[in-house]
Peer 1: 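Encoded as structure tokens, here's the structure I'll be asking about.
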Amino acid sequence: MGVFLCFFLSSAIISKELQNQIENLNDNDYLTAIIVMNAEYPYAEVENLQIKQKAEIFREIAHSSQKELIDYLSAFPEEIREIK
């Protein structure tokens, strides 16, 4: 599990605390992590839209920007406990 995470996150910015937790994982340990994506949101362009329209646009951006990561992690059902 630790090798898998280190390989996947090698190009990401990892906090020292998370890196320490990854290095000290035992074979059966699980690690909870929040991944912040670098997606650009068009705040100025949606400024005058209704809340529901803004939410729909932002939800679509989040879905499309996270799809590749979620698909990748879903390929490891034995290693990944939950994806939200």
Side-chain angles (χ1 to χ4, degrees):
M1 176 73 163
V3 173
F4 160 73
L5 283 173
C6 290
F7 172 76
F8 182 71
L9 297 174
S10 65
S11 65
I13 297 172
I14 303 173
S15 71
K16 289 180 182 181
E17 179 182 351
L18 178 58
Q19 182 63 41
N20 187 44
Q21 290 177 0
I22 291 170
E23 291 170 359
N24 292 305
L25 281 177
N26 292 318
D27 288 342
N28 295 320
D29 287 348
Y30 280 90
L31 178 69
T32 299
I34 297 173
I35 300 171
V36 179
M37 305 298 286
N38 290 333
E40 297 282 330
Y41 286 84
Y43 297 111
E45 291 86 345
V46 300
E47 188 174 339
N48 295 321
L49 297 179
Q50 294 179 0
I51 294 294
K52 285 186 178 184
Q53 292 171 310
K54 289 180 188 179
E56 184 177 322
I57 291 169
F58 291 163
R59 195 174 300 116
E60 178 56 36
I61 293 169
H63 175 74
S64 63
S65 70
Q66 297 170 14
K67 183 179 183 340
E68 187 176 336
L69 173 62
I70 290 171
D71 290 347
Y72 178 81
L73 293 175
S74 296
F76 300 93
E78 298 298 317
E79 289 86 6
I80 306 296
R81 182 183 295 174
E82 183 178 17
I83 301 172
K84 289 186 181 182

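All heavy atoms count here, side chains included; hydrogens, waters and symmetry mates do not. All residue numbers in this chain count up from 1 along the given sequence.
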Peer 1: Just verifying a value: how many Å separate I22 CD1 and D29 CG, rounded to the nearest 0.5 Å?
Peer 2: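 If I round to the nearest 0.5 Å, the distance is 12.5 Å.
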Peer 1: Just how far is it from atom CG of L73 to atom CZ of R81, taken to the nearest 0.5 Å?
Peer 2: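 Answer rounded to 0.5 Å: 14.5 Å.
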Peer 1: Just to verify, what does T32 make a side chain to side chain contact (heavy atoms under 4.5 Å, CB included) with, not counting sequence neighbours?
Peer 2: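 Side chain to side chain contact (heavy atoms under 4.5 Å, CB included) list for T32, sorted by chain: empty.
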Peer 1: Under a single-linkage rule joining Ile, Leu, Val, Met, Phe, Trp and Tyr whose side-chain heavy atoms are separated by less than 4.5 Å, which residues share a cluster with I57?
Peer 2: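 Y41, Y43, V46, L49, F58, I61, listed by chain and number.
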Peer 1: I need the E23 CD to L18 CG distance, nearest 0.5 Å.
Peer 2: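 E23 atom CD to L18 atom CG measures 10.0 Å (nearest 0.5 Å).
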Peer 1: Show me the pairs that pass salt bridge (Lys or Arg N to Asp or Glu O under 4.0 Å) and involve residues 59-78, at least two apart or across chains.
Peer 2: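 Residue pairs passing salt bridge (Lys or Arg N to Asp or Glu O under 4.0 Å), neighbours aside: K67-D71.
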Peer 1: Partners of N28 by side-chain hydrogen bond (donor to acceptor under 3.5 Å, both in side chains), sequence neighbours excluded?
Peer 2: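 Applying side-chain hydrogen bond (donor to acceptor under 3.5 Å, both in side chains) to N28 gives none.
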Peer 1: Please enumerate all residues that pass side-chain hydrogen bond (donor to acceptor under 3.5 Å, both in side chains) together with N24, with sequence neighbours excluded.
Peer 2: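 Testing N24 for side-chain hydrogen bond (donor to acceptor under 3.5 Å, both in side chains), a comparison that skips the adjacent residues, returns N20.
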Peer 1: Does atom CD (Q53) have a neighbourhood of more than 12 heavy atoms from anything else shown, all under 6.0 Å?
Peer 2: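 For Q53, atom CD is crowded (more than 12 foreign heavy atoms under 6.0 Å).
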Peer 1: Quick one: list whatever passes side chain to side chain contact (heavy atoms under 4.5 Å, CB included) with E47, sequence neighbours left out.
Peer 2: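 Testing E47 for side chain to side chain contact (heavy atoms under 4.5 Å, CB included), a comparison that skips the adjacent residues, returns none.
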